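Bear in mind that the values here come from a model prediction, so they are computed numbers and not experimental data. The residues of the chain are indexed from 1 along the displayed sequence.
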Amino acid sequence: MSRIGRMPISIPAGVDVKIEAGNLVTVKGPKGTLTQQLHPNMNIAQEGDVIHVTRPNDEKENRSLHGLTRTLLHNMVVGVTEGYKKELDVNGVGYRVAKEGNKLVMNLGFSHQVVVEEIEGITIEVPSANKIVISGVDKQKVGQFAAEVREKRPPEPYKGKGIKYTDEVIRRKEGKTGVKKK
């Protein structure tokens with residue numbers, strides 16, 4: 001049995017979970033509302049303030065969906081109560097970020113500025129000229145948007161310049177050294 005799949009999901013106070021036919025789950029909380037269509041094979045049961053996810057049988061597909069379904073539900077509950085955030089650091093001489101309205105304007109060593117617009121459900125904060133904080137309710141959207149921002153100038157291994165996650169460790173390489181002439 002899936003260790004993650006059989007763990008119950010506790011619903012905190014102030015969160016409303018609605019499970020409709022075909023496993024269409026809607027979670028409402030203080031930070032917002034999330035709706036997701038989960039796989040119809042899984043059995044999702046709500047008992048008071050606890051949700052249990054069970055599988056109908058031990059077929060390979062159902063075993064793999066069991067833990068996934070439980071994790072997706074848990075991420076929805078955590079998202080509407082606490083929310084998710086990703087922090088990015090911008091390293092490099094002359095590399096700067098600023099927020100203008102709902103746009104993130106980045107100087108990343110190109111001949112032009114790179115502009116990224118906020119999408120629905122995502123908020124961008126720029127606490128300093130070399131830090132970006134992306135936050136939102138949906139874990140998948142936050143992670144995808146942060147990856148798209150990082151993609152504009154990924155960190156390079158020689159000097160470490162570029163956009164990296166705050167907790168990311170860049171494997172550094174040694175540059176080429178002068179070769180002795182005979």
Side-chain angles (χ1 to χ4, degrees), residues 1-90 104 116-125 127 131-155 157 160 162-172:
M1 185 63 98
S2 169
R3 275 186 239 150
I4 292 171
R6 68 175 178 225
M7 288 168 54
I9 303 165
S10 59
I11 304 167
V15 176
D16 180 41
V17 178
K18 213 161 98 180
I19 303 163
E20 295 173 20
N23 285 350
L24 181 67
V25 180
T26 305
V27 181
K28 286 182 187 170
K31 295 227 177 207
T33 305
L34 286 174
T35 303
Q36 191 161 0
Q37 175 68 50
L38 298 171
H39 202 279
N41 284 9
M42 293 296 107
N43 302 322
I44 303 169
Q46 183 176 357
E47 300 164 8
D49 61 346
V50 176
I51 298 174
H52 293 284
V53 178
T54 55
R55 60 183 186 225
N57 54 34
D58 282 346
E59 287 180 15
K60 186 172 183 176
E61 184 185 20
N62 292 335
R63 286 197 320 256
S64 61
L65 287 169
H66 192 191
L68 171 74
T69 305
R70 189 258 176 212
T71 302
L72 290 173
L73 269 170
H74 182 257
N75 288 347
M76 289 168 72
V77 171
V78 171
V80 297
T81 53
E82 300 164 29
Y84 289 99
K85 74 176 186 178
K86 290 265 187 186
E87 295 182 8
L88 299 158
D89 291 337
V90 181
L104 180 68
V116 178
E117 250 184 84
E118 263 183 14
I119 60 172
E120 187 184 337
I122 298 290
T123 52
I124 303 170
E125 297 169 32
K131 192 158 191 75
I132 305 167
V133 179
I134 298 167
S135 55
V137 179
D138 191 348
K139 186 175 187 177
Q140 292 171 332
K141 270 189 183 176
V142 171
Q144 181 64 37
F145 191 78
E148 287 169 8
V149 170
R150 181 185 180 275
E151 194 178 58
K152 301 298 179 193
R153 182 66 107 171
I163 302 173
K164 71 176 192 76
Y165 297 112
T166 301
D167 56 354
E168 181 181 12
V169 177
I170 291 47
R171 291 195 55 202
R172 302 295 291 271

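Looking only at distances, a side-chain donor or acceptor of H66 sits under 3.5 Å from a matching main-chain atom of V53. Without hydrogens or angle criteria, R153 side chain to G162 main chain gives no donor-acceptor distance under 3.5 Å. Using a distance-only test at 3.5 Å, with no hydrogens or angles considered, a donor-acceptor pair links the side chain of E118 to the main chain of I124. Proximity of a side-chain donor or acceptor of T69 to a complementary backbone N or O of M42 within less than 3.5 Å is not detected. In this structure, the side chain of Q36 does not engage the main chain of V27 through any donor-acceptor pair within 3.5 Å. Formation of a donor-acceptor pair under 3.5 Å by the D138 side chain with backbone atoms of G121 is not found in this model.
Salt-bridge annotation for E168 and R150: present, with a side-chain N of the basic residue lying under 4.0 Å from a carboxylate O of the acidic one.
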Go through L65 and R55 one step at a time and tell me if the side chain to side chain contact (heavy atoms under 4.5 Å, CB included) criterion holds.
CA-CA 8 Å; L65 287 169; R55 60 183 186 225; over 6 Å; no
Before you tell me yes or no, could you show the steps for L73 and V77 under side chain to side chain contact (heavy atoms under 4.5 Å, CB included), namely the whole-Å CA-CA distance, both residues' side-chain angles and the distance that decides it to 0.1 Å?
CA-CA 6 Å; L73 269 170; V77 171; 5.7 Å; no
Assess the residue pair K85 and E125 against the criterion (side chain to side chain contact (heavy atoms under 4.5 Å, CB included)); give the C-alpha distance rounded to whole Å, side-chain angles, the decisive distance to 0.1 Å, and a yes or no.
CA-CA 10 Å; K85 74 176 186 178; E125 297 169 32; over 6 Å; no
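Remark: H74 NE2 is loosely packed, at most 12 non-hydrogen atoms of other residues, nucleotides or ligands lying under 6.0 Å away. Annotation: E120, atom CD; neighbour count of heavy atoms from other residues, nucleotides and ligands within 6.0 Å does not exceed 12. More than 12 heavy atoms of other residues, nucleotides or ligands shown are found within 6.0 angstrom of NZ on K131.
Between Q140 and L72 the shortest side-chain heavy-atom distance falls below 4.5 Å.
For the residue pair R3 and M7, the shortest heavy atom distance occurs at O-CG, 3.3 Å. G67 and I4 make their closest contact through O-CG2, 4.1 Å (heavy atoms, listed as atom of the first residue, atom of the second, distance). Contact between G143 and Y165 at its shortest, heavy atoms only, is O-OH, 4.5 Å. Residues P8 and R70 come closest through the heavy atom pair O-NH2, 3.4 Å. Of all non-hydrogen atoms in N62 and P56, the two that sit nearest each other are ND2-CG, 3.7 Å. The nearest pair of heavy atoms linking V142 to G136 is CG2-N, 3.5 Å.
Atoms CG and CZ, on N57 and R63 in that order, are 9.5 Å from each other to the nearest 0.5 Å. Taking CZ from R6 and OG1 from T54, the interatomic distance works out to 13.5 Å, rounded to the nearest 0.5 Å. Separating the CD atom in E148 from the CD atom in E151 is a distance of 7.0 Å, to the nearest 0.5 Å. To the nearest 0.5 angstrom, K152 atom NZ is 13.0 Å from L88 atom CG. Of the inter-residue distances, the one linking I51 atom CD1 with I11 atom CD1 reads 3.5 Å to the nearest 0.5 angstrom. Atom CD of residue Q46 and atom CD1 of residue I44 lie 10.5 Å apart, to the nearest 0.5 angstrom.
In this view, V137 and K31, L34, V80 satisfy the side chain to side chain contact (heavy atoms under 4.5 Å, CB included) rule, not counting sequence neighbours.
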